[in-house]
Amino acid sequence: MELVSNSLTDQAPIAEKFAFAVIDPDNHVALSSNINPHLAWKGEPAGTRSFAVICHDPDVPSAGDDVNQEDREVPADLPRVDFYHWTLFDIPADQSEIMEGSHCQGVTPRGKSGPSAPQGLRHGLNDYTSWFAGDGDMEGDYFGYDGPCPPWNDSIVHRYVFTVYALDVDRLPVADDMSGGAIVAALEGHVLDKASITVSYTLNPRLAD
């Protein structure tokens, strides 16, 4: 399989318009356009009955003690964990493209609704659901796409991996848990092939320069 994009270039920075936040010289960060990127794929194997798309950041700090704190950076050697930005599934076998901006345009405080997605697809919860838990202005269930917003003081540039999976089922067997980890677990045993594009992003002015 091959995954291509008019919005993303493999092994290059992602454009700010696809991010959740951008650098702000006065407040560290400001909200961005938060548009989902274009994706297209080809070369799926025989027997493909549906597709799933997942975007995750494998570089999220495993501990939050230093995250977004003044006068220090998150250490580069801190262990990292996955943060899911998008899970979209039950994409019909005859569909091979997701248009830019078709699933997200702008930041939605308290999150977009789900799991129903445009064109009869389904999307899961992204990890802003847990990130904003307890925030009076932003807390909620964040379904669908929400773009990069790494810590503004992280000492490493984060990677964002967009992967399309060809599956042997029409409908992914997920239950009540719609988290990214649960969706990935539901893929097990059903993946016929996959393809990825990896991009990068930082909100640390030192690294951006």
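Keep in mind the model is a prediction, meaning the values are calculated, not measured. All heavy atoms count here, side chains included; hydrogens, waters and symmetry mates do not.
In this structure, His123 contributes its side chain and Ser113 its backbone to a donor-acceptor pair below 3.5 Å. Although no hydrogens or angles enter the test, the distance criterion places a donor-acceptor pair under 3.5 Å between the side chain of His38 and the main chain of Asn6. Panel note: side chain Gln105, backbone Gly101; a donor-acceptor pair is recorded below 3.5 Å. A distance-only check finds no donor-acceptor pair linking the side chain of Glu44 to the backbone of Ala46 [under 3.5 Å]. Side chain of Asp66 to backbone of Glu73: no donor-acceptor contact under 3.5 angstrom is found. Thr202 places a side-chain N or O within 3.5 Å of a backbone atom of Asn204 that can act as its donor or acceptor partner. Checking side-chain atoms of His85 against main-chain N and O of Asp146 turns up a donor-acceptor pair under 3.5 Å. At distances below 3.5 Å, at least one donor-acceptor pair connects side-chain atoms of Asn36 with backbone N or O atoms of His103. Using a distance-only test at 3.5 Å, with no hydrogens or angles considered, a donor-acceptor pair links the side chain of Asn153 to the main chain of Arg72.
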- Message: Under the criterion side-chain contact (heavy atoms from CB on, under 4.5 Å), I'd like the reasoning laid out for Ser50 against Arg171: C-alpha separation, chi angles, the key distance, then a yes or no.
- Response: CA-CA 7 Å; Ser50 70; Arg171 189 172 175 84; over 6 Å; no
- Message: Walk me through whether Ser200 and Ile14 qualify under side-chain contact (heavy atoms from CB on, under 4.5 Å).
- Response: CA-CA 6 Å; Ser200 60; Ile14 190 171; over 6 Å; no
- Message: Under the criterion side-chain contact (heavy atoms from CB on, under 4.5 Å), I'd like the reasoning laid out for Tyr165 against Ile91: C-alpha separation, chi angles, the key distance, then a yes or no.
- Response: CA-CA 10 Å; Tyr165 297 85; Ile91 304 170; over 6 Å; no
- Task: Please assess Phe89 against Ile183 for the test side-chain contact (heavy atoms from CB on, under 4.5 Å), listing each intermediate value before the final yes or no.
- Result: CA-CA 9 Å; Phe89 47 97; Ile183 302 307; 3.7 Å; yes
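Side-chain heavy atoms closer than 4.5 Å link hydrophobic residues (I, L, V, M, F, W, Y) into clusters, and following such links, possibly through other members, connects Leu8 to Met1. Under the 4.5 Å side-chain heavy-atom criterion for ILVMFWY residues, a single connected hydrophobic cluster contains both Val191 and Ile54. Leu121 and Leu39 fall within a single hydrophobic cluster, where Ile, Leu, Val, Met, Phe, Trp and Tyr side chains are chained together by heavy-atom contacts under 4.5 Å. Side-chain heavy atoms closer than 4.5 Å link hydrophobic residues (I, L, V, M, F, W, Y) into clusters, and following such links, even through other members, never connects Leu207 to Val22. Hydrophobic clustering (side-chain heavy atoms under 4.5 Å, transitive across Ile, Leu, Val, Met, Phe, Trp, Tyr) groups Val184 together with Phe143.
The two residues Pro148 and Tyr201 make their nearest non-hydrogen contact at CB-CD2, 3.6 Å. The nearest pair of heavy atoms linking Gly189 to Asp168 is O-OD2, 3.8 Å. Scanning all heavy atoms of the two residues, the minimum distance from Ala208 to Ile23 falls at CB-CD1, 3.7 Å. Asp170 and Arg49 get closest at one heavy-atom pair: OD2-NH2, 2.8 Å. For Pro58 against Asp82, the heavy-atom pair with the smallest separation is CA-OD1, 3.4 Å. The two residues Pro45 and Thr48 come nearest to each other via the heavy atoms O-OG1, 2.7 Å.
With contacts defined as side-chain heavy-atom distances shorter than 4.5 Å, the pair Leu203/Cys149 qualifies. At least one side-chain heavy atom of Ser155 sits under 4.5 Å from a side-chain heavy atom of Arg206. Between Asp127 and His56 there is no side-chain heavy-atom pair separated by less than 4.5 Å. Residues Ser96 and Lys42 are not in side-chain contact: their nearest non-hydrogen atoms beyond the backbone lie 4.5 Å or more apart. Proximity of Phe162 to Ser196: side-chain heavy atoms (C-beta onward) are nowhere separated by under 4.5 Å. Inter-residue side-chain proximity for Leu167 and Leu172 is flagged as met; some heavy-atom pair is nearer than 4.5 Å. Residues Ile98 and Val53 have side chains in contact (heavy-atom distance under 4.5 Å, counting atoms from C-beta outward).
Remark: the Asn34 side chain and the Ser32 side chain contain no N/O donor-acceptor pair separated by less than 3.5 Å.
Remark: Ser62 engages Leu78, Pro79, Val81 in a side chain to side chain contact (heavy atoms under 4.5 Å, CB included) (not counting sequence neighbours).
In this structure, CD1 on Ile156 lies 10.0 Å from CG on Asp77, to the nearest 0.5 angstrom. Separating the CZ atom in Phe51 from the CG atom in Leu88 is a distance of 12.0 Å, to the nearest 0.5 Å.
Screening residues 8-25 for side chain to side chain donor-acceptor pair (under 3.5 Å) gives Lys17-Glu100 as the qualifying pairs, with residues at least two apart or on separate chains. Here side chain to side chain donor-acceptor pair (under 3.5 Å) pairs that include residues 129-142, with residues two or more places apart or in two chains, number zero.
Residue Asp26 places its CG atom among more than 12 non-hydrogen atoms of other residues, nucleotides or ligands, all under 6.0 Å distant.
The pair Arg80-Asp59 does not meet the salt-bridge criterion, since no charged nitrogen lies less than 4.0 angstrom from a carboxylate oxygen.
Across Tyr145, Tyr160, Tyr128, a single residue satisfies ring-ring contact (aromatic ring centres under 6.0 Å, His included) together with Phe20, and that is Tyr128.
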